[in-house]
There are 2 protein chains.
Amino acid sequence: MSPTQARSTTTRARILSAAQAQFAKDGYERATIRAVASLAGTDPALVIRYYGSKEGLFAAATHFDLCLPSLDHVAHADIGETLVRHFLALWEGNPADPSLRILLRAAVTHAEAATRIRGLFAEQVLPAIRVVAPDRPALRAGLVASQILGLALCRYILEVPPLVDMKPDDVIACIAPTLQRYLAAPLDGGFTANA
Amino acid sequence: MSPTQARSTTTRARILSAAQAQFAKDGYERATIRAVASLAGTDPALVIRYYGSKEGLFAAATHFDLCLPSLDHVAHADIGETLVRHFLALWEGNPADPSLRILLRAAVTHAEAATRIRGLFAEQVLPAIRVVAPDRPALRAGLVASQILGLALCRYILEVPPLVDMKPDDVIACIAPTLQRYLAAPLDGGFTANA
DNA sequence: GTCTATAATTCGATAGAC
DNA sequence: GTCTATCGAATTATAGAC
């Protein structure tokens, strides 16, 4: 690789990293090409040159994988805790992946981001759930999504007390039983018969 | 009231109603003064004249009350169902109050809207919960917020299947036990001791 | 009380020099 | 490969006629 090409790839990477930071902080509309370029220490024109448009930059900034663990290798009574622990690690890991924060911030006003989130649960969470809960897996995945995304919204975006200040293990202790019920509750009793 | 004043107040009301519709549909940034004026059948300048600025218009468009029922008048085993049923009615009532949808759409990128949502739970949900659950009411209110807002996000904003197409009673049947546990679970066992 | 015209910014995106 | 300069469009907000 020639020196100019090497500088190019590092600049590209700096721009992408800056874009992720800006999208995560401000959402899609408020994040500007100019701010991204400034944070990356480069020029707005280069951002467009490398990623085509703001939409292209956003698409590049939100490619990722949930890396869900295989749920059939954990004790059936622990699948709820396993799931919430995995998601918390994804949000608070070192370094934390900004992709989920970006998608959640953007999805409420950005149709493509909303589609992406639906895709994450349909293509990654749902199959993992189907393995351990063959009955009504889509309903279970939707309920899991509502609690996981609601927790993320309150803890990381809205910063609702006391959720925002709780230790991860305490959050897990509160939320895990909910997910466990969504994943393992019998259809009669816990759930309605027609859902 | 003179005829001109009467026309003024109706125009004011039309603008406010149009603003609520636009904010609910597009979020804060994408909703424009022009679009609000157009929907209200009037002029962009009038919007500013009446509400001062876009921020002032937004503040006026999100004044409302959750109108929570008093939880100490329902059977203790039914408080979870009562809460989720009330929130669903708020979202899907006829006519549905757009305020919650506006706040949720805006809160992820609008600091004041996020503060408003925190205020709703702190000033209206928390006191109602304190009456029926004196131990750790703030924690319980936060957990309730995470599930209620997560449900609203998935059902009304992201339109996650199958949540978006479920009948209200089926949603209630799935979510009520979760809220019931958040509201009534003993601190040892259901929750961690240090949360 | 209402509207036309426009000021003042700010944005995404492009053209072209170096 | 990078940057300067700028275009064209959109926005909020204002000034002033009717």
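Below, read A as the first sequence line, B as the second, and so on, with proteins coming before strands; counting in each chain starts at 1.
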**Request:** State which residues pass side-chain contact (heavy atoms from CB on, under 4.5 Å) with B/Ala59; sequence neighbours excluded, sorted by chain then number.
**Result:** B/Glu112, B/Arg116
**Prompt:** To the nearest angstrom, how far is B/Ile33 atom CD1 from C/dA8 atom C1'?
**Reply:** 16 Å
**Request:** Look at all strands and tell whether A/Ala35 reaches a base, only sugar-phosphate, or nothing, counting heavy atoms closer than 4.0 Å.
**Result:** nothing
**Item:** Phosphate OP1/OP2 of D/dC3: any A/Thr42 side-chain N/O under 4.0 Å
**Value:** yes
**Complete:** Here the distance between atom P of D/dC7 and atom CZ of A/Arg34, to the nearest Å, is 13 Å
**Request:** Cation-pi check, B/Arg105 to B/Tyr156: give yes when NZ or CZ is under 6.0 Å from the six-membered ring centre and within 45° of the ring axis, no otherwise.
**Result:** no
**Message:** Below 4.0 angstrom, which residues in residues 13-22 of chain A have at least one non-hydrogen atom near DNA chain C?
**Reply:** none
**Asked** B/Glu29 CD to C/dT9 C1': how many Å, rounded?
**Response** 17 Å
**Prompt:** At under 4.0 Å, does any side-chain N or O of B/Thr32 touch on OP1 or OP2 of D/dA10?
**Reply:** no
**Message:** For B/Glu92, give me all partners under salt bridge (charged side-chain N to carboxylate O under 4.0 Å, His left out), at least two apart in sequence or on another chain.
**Reply:** B/Arg155
**Asked** Who pairs with A/Arg30 by salt bridge (charged side-chain N to carboxylate O under 4.0 Å, His left out), at least two apart in sequence or on another chain?
**Response** B/Glu29
**Prompt:** Does A/Thr11 have a side-chain nitrogen or oxygen under 4.0 Å from the phosphate oxygens OP1 or OP2 of D/dT2?
**Reply:** yes
**Prompt:** For the side chain of A/Gln180 and the backbone of A/His76, is there at least one donor-acceptor N/O pair under 3.5 Å apart?
**Reply:** yes
**Request:** Keeping the roles fixed (side chain from A/Arg118, backbone from B/Leu158), state whether a donor-acceptor pair exists under 3.5 Å.
**Result:** yes
**Message:** Quick check on contacts: within residues 43-54 of chain A, what sits under 4.0 Å from DNA chain D by heavy-atom distance?
**Reply:** A/Asp43, A/Ala45, A/Leu46, A/Arg49, A/Tyr50
**Prompt:** Which residue pairs pass the side chain to side chain donor-acceptor pair (under 3.5 Å) test with at least one member in residues 36-49 of chain A, sequence neighbours excluded?
**Reply:** none
**Message:** Tell me whether B/Asp135 is salt-bridged to B/Arg140, with the criterion being a basic N under 4.0 Å from an acidic carboxylate O.
**Reply:** yes
**Request:** Please check if the side chain of B/Tyr182 supplies one atom and the backbone of B/Gly142 the other of a donor-acceptor pair under 3.5 Å.
**Result:** no
**Message:** Rounded to whole Å, how long is the line connecting atom OH of B/Tyr28 with atom P of D/dT11?
**Reply:** 14 Å
